[in-house]
Amino acid sequence: MTDRATREDEWLFGWDPTPGIVSVWASLDGRALVWRRTAEGELVLEEERFRPWILLSSRDDLRHVGAHTLSIEELAGPGELRFLVRADDGRALARAVLEGASRRLGRRVGNLRELPKETCLALAPEDQYLASTGRVYFRDLPFERLRRAQIDLETTGLDPEVDRIFLVAIGRPDGEAETHEIDGSTRDPDAAEADLLERALARVRELDPDVIENHNLHGFDLPFLARRTELLDVPFAFGRDRTIPTSKRASARGARVATPDQAAHPMRRARFSVAGRELVDTLDAVRRHDFSARDLPGHGLKVVAKHLGLARSDRVHIPGARIFEVFRRDPARVRAYAMDDVREAAALAATLGGAAFALARMAPRRYERLADAGAATGVVDPLLVRAYLREREALPAHREGDGTAHSGAALHLFATGVATRVVKADVASLYPSLMRSFRIGPSRDRLGAFLSIVDRLVALRLEAKRLGKEAVKGSAEQHAHDAMSAAMKLVVNSAYGYLGATSLTRFADVHAANEVTRRGREVLGMLCSELEARGVTLLEADTDGVYFSAPPAFSEDDERRVVSEVDALLPPLVRLEFEGRYAAMLSHEPKNYALLAYGATEPVLRGVAFRSSRAEPYGEEFLRRAVGALLAGDVQGVRDAYVSTVLALERRELPTIAVASRVRLTKTPDAYAASRKQKRELAYEALLASGITRWSAGDRALVYRSKLGPRVAVDPDAEDDPRVVRPAQGSPVDPRDYDVDSYVRSLLVNFASRLTTGLDREDFSETFADPHQPSLFARRLAEARPILTPLERRAELKA
DNA sequence: GCCAACCGGGG
DNA sequence: GTGTACGGTTGGC
């Protein structure tokens, strides 16, 4: 009997030591193609045999089958899926089960997936192979030894039915980039494009990468390439085994694909898959990263590369809609642009893709699947299935929820208005910590594998973080430790989601999930009252964090002291951390607030009440100034911001664009003409009144209210953007004919109103009084102070 | 104006 | 044989 620690290691990392696996392609006939990279870097292909297997809840459907064709093993324990059935050929195995089920049910059952999922578990062939052999990808193979390539298409537009591919950029395994482009001298554009696609695909096969990467690879490049090759009759083949065609696999975030039975499955989505290469989309890595980090300004390639410091400072920029037009004038510029793109995609894949790489060394699934799977269904569930199989323990059947509602986290708003000396404290990884501290796991997990996996991942993560810090900055070693840490974090944070996902995961347990949130609310409530007992004023608390205001006599050390005093009272493994301190906070509504950092003049605004794309620039600017002044305790400054904005409007000192709002046009001219009788819409009225009769759905415009009605303004920042509508030629660029009364009113109603909680009623009226009425209390505002109003304690449950 | 549905990306 | 959450934006009444 192996000891518990060794078994737990096997649950997490598998047990077969085969090194260097870079791709697996298995089929139900029991054949597995395994591509490996040797220590010398050479690629070898090994053709393996394995025994396909399924798990059944009953052996009844197999009574008719002779024992020599397949083997049935009854697993231990109370789990419903207790018969492990194996055969040399998985298709024969499926046929036997289906024949038995058809007899029993008196109707034809054509596919294992039609059987209720609580009676049958049948994995994809690769998953069967990896789970039963204990093999995993990339053992002893550092990320740097993977042979990676990137492929990026430049097209005339976004629709493969009508647009063409005119350039293909390829990032090579040696780190260089190259481009292939259409032969413009050819008469026949179809032949020219077909020739380009043939050359590009041949080049990919020649470079022979283990992994193909790009940003939105599965959402754009591959489906576009698939459709163009189909239309042009070019073989869409770039795998390592040309006898195996490029195939599709169902994937919720794949591209929509046409199915023969559109009526039955109208919205099928799929991703492409090829034998011998892993197709990895950096957009998945970006989304996964931002899911926990929440620090990215967007998920586009350029903006992420820049944010992570991966972009060359002089990289070429071309707006998407203009790429083809630029190519015709200046092809060298587009080549440089496309090569910058593949280099950034390669850097991004290396920086954020490490987590999936680390997961592929643990979970029994293909690397490309671990790169895009949700962590709960795609990583934790396969780990548990392999653990139960390894222990010869029956698996519990999938079970729908019993109707118990999933309860949520706590959200409290304790006070509104302006507070000073603000501290933010929060509990890191609250839910995993509670699960570990109180041993809350799925009730049907007889092996205790779930909590053991979470415990080990937390320990491994701490170790990886420590090693990452010790490693040389920027080294491959540091990268590997950081990736490991990111992968562990991902899985640990998904553990709670796993419990709650009753319709998705095998061991889901809504009662356990509710116990976690209940403990979470308890901890939040306790830390709030303990903080309050130490003399601070609570402002807002949400799930795992709290904002409070320290008394004037407190030093920063005192602030830190109360946080650590309260930390000491929390359950083991649950740690309250001091996260930050701010000079002031305007608390408006739950999750709508402004913070002023020490030494800063500009506040940080959070929540829909303070930021909206529809807000006109003059109002946003006013709000920034006014909130900044209010947070600094300068009520006269708020008044000054208001008066100067009103006067600037009245004197027409503000440019027209300052009062204009950005709108997106969704209706075509015809569609609006049809609906105009029922309802007039400001944006389209502005277009018509400005003499614009032609635009397309998806275009944008700057719209404002003039004295004579809605008008379109000229956007100087979008001068050569073809998707931004501009007024007829000859109209003034900045007419400043806006409707002053309307914008003065809007300033009060839509912007000044965000400051009501920070001032008492009289001060508010005084601050926002008509600038032309002489005040009766000229001196009052100099002495006015912002206010903070404690609310009756109210607790709300989040949905 | 309010709430539900949708989106996030790619040329 | 898949499946995030969340904050912001759009679109339908």
Side-chain angles (χ1 to χ4, degrees), chain A residues 111-114 117 121-124 127 152-160 162-167 214-225 248-255 265 267-271 281-284 286-288 290-292 294 296-304 318-327 334 337-338 341 345 369 372-379 381 408-409 490 493-494 496-498 500-505 508 543 591-592 606-615 662-667 675 678-679 681 683 723 749-750 798-799:
Chain A
N111 196 307
L112 288 179
R113 286 174 243 136
E114 292 170 35
K117 58 180 172 178
L121 171 70
L123 302 181
D127 297 1
D152 186 42
L153 309 181
E154 302 305 330
T155 68
T156 59
L158 295 171
D159 180 1
V162 297
D163 294 312
R164 292 184 185 279
I165 300 168
F166 63 87
L167 186 146
N214 196 30
H215 204 63
N216 208 13
L217 177 72
H218 285 290
F220 180 72
D221 301 271
L222 289 177
F224 201 108
L225 190 55
K248 290 184 197 120
R249 45 173 254 252
S251 166
R253 283 187 322 229
H265 306 281
M267 295 279 272
R268 283 284 281 279
R269 284 167 172 274
R271 291 185 168 202
D281 193 332
T282 50
L283 179 57
D284 291 319
V286 164
R287 295 210 253 239
R288 197 179 251 183
D290 201 34
F291 183 58
S292 56
R294 308 203 157 280
L296 295 178
H299 292 171
L301 175 66
K302 282 97 182 152
V303 69
V304 176
I318 308 174
R322 298 192 50 214
I323 289 172
F324 185 50
E325 162 201 331
V326 172
F327 179 70
V334 174
Y337 165 82
D341 266 10
R369 301 282 297 101
D372 69 50
T377 50
V379 183
D381 216 48
L490 184 78
N493 288 339
S494 77
Y496 162 74
Y498 183 99
T502 41
S503 67
L504 305 177
T505 56
T543 313
K591 298 182 169 192
N592 282 271
R606 295 244 171 85
V608 278
F610 290 112
R611 42 193 308 162
S612 156
S613 72
R614 288 186 212 182
R662 275 166 214 281
V663 296
R664 254 178 67 104
L665 306 169
T666 52
K667 293 181 175 148
S675 69
Q678 279 90 53
K679 200 183 69 171
E681 295 175 56
R723 308 236 55 184
V749 175
N750 296 322
K798 288 202 281 191

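Letters A, B, ... mirror the listed sequences (proteins, then strands); counts begin at 1.
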**Q** So which nucleotide from B:dG9, B:dG11, C:dG7 ends up closest to the side chain of A:Lys591?
**A** C:dG7
**Q** Between atom CG in A:Asp372 and atom C1' in C:dT2, what is the gap in whole Å?
**A** 10 Å
**Q** Contact class for A:Gly298 (heavy atom, under 4.0 Å): base, sugar-phosphate, or nothing?
**A** sugar-phosphate
**Q** For A:His215, run the side-chain hydrogen bond (donor to acceptor under 3.5 Å, both in side chains) check against A:Asp152, A:Asp341, A:Thr282, A:Asp284 and tell me which one passes.
**A** A:Thr282
**Q** How close or far is atom C1' of B:dG11 from atom CZ of A:Phe327, stated in whole angstroms?
**A** 13 Å
**Q** Round to a whole Å and report the spacing from CZ of A:Arg287 to P of B:dG8.
**A** 9 Å
**Q** Minimum heavy-atom separation for A:Tyr337 to A:Glu154, with atom names?
**A** CE2-OE1, 3.8 Å
**Q** Of the nucleotides C:dT2, B:dG11, B:dG9, which has the atom closest to the A:Arg369 side chain?
**A** C:dT2
**Q** In whole angstrom, give the distance that lies between atom CG of A:Asp290 and atom C1' of C:dA5.
**A** 11 Å
**Q** Using 30° and 60° as the class boundaries, would you call the ring planes of A:Phe324 and A:Phe327 parallel, tilted or perpendicular?
**A** parallel
**Q** Could you check how far CG of A:Asn216 sits from P of B:dC7, rounded to whole Å?
**A** 14 Å
**Q** Pick the C1' atom in B:dG8 and in C:dA5, then give their distance to the nearest Å.
**A** 12 Å
**Q** A:Phe220 versus A:Asn214: any side-chain heavy-atom pair under 4.5 Å?
**A** no
**Q** Would you mind reading off the distance between A:Asp284 atom CG and C:dT2 atom C1', rounded to a whole angstrom?
**A** 13 Å
**Q** Rounding to the closest angstrom, what is the interatomic distance between C:dT2 and B:dG9 at atom P?
**A** 26 Å
**Q** For a quick check of understanding: with a heavy-atom distance under 4.0 Å over all strands, which category does A:Asn493 fall into, base, sugar-phosphate or nothing?
**A** nothing
**Q** Which part of the nucleic acid, if any, lies within contact of A:Gly300, taking any heavy atom under 4.0 Å across all strands shown: a base, the sugar-phosphate backbone alone, or nothing?
**A** sugar-phosphate
**Q** Touch check for A:Leu153, heavy atoms < 4.0 angstrom, all strands: base, sugar-phosphate only, or nothing?
**A** sugar-phosphate
**Q** In whole Å, I'd like the distance from the CG atom of A:Leu222 to the P atom of B:dG9.
**A** 19 Å
**Q** Within the structure shown, what part of the strands sits under 4.0 Å from A:Ile323 by heavy-atom distance: base, sugar-phosphate, or nothing?
**A** sugar-phosphate
**Q** Quickly work out the A:His218 NE2 to B:dG9 P distance and round it to whole Å.
**A** 18 Å
**Q** Kindly say if A:Arg606 contacts the phosphate of C:dG7, meaning a side-chain N or O under 4.0 Å from OP1 or OP2.
**A** no
**Q** Considering non-hydrogen atoms only, spot the tightest contact between A:Ile323 and A:Phe166 and give its length.
**A** CG2-CZ, 3.7 Å
**Q** Within the structure shown, what part of the strands sits under 4.0 Å from A:Leu217 by heavy-atom distance: base, sugar-phosphate, or nothing?
**A** nothing
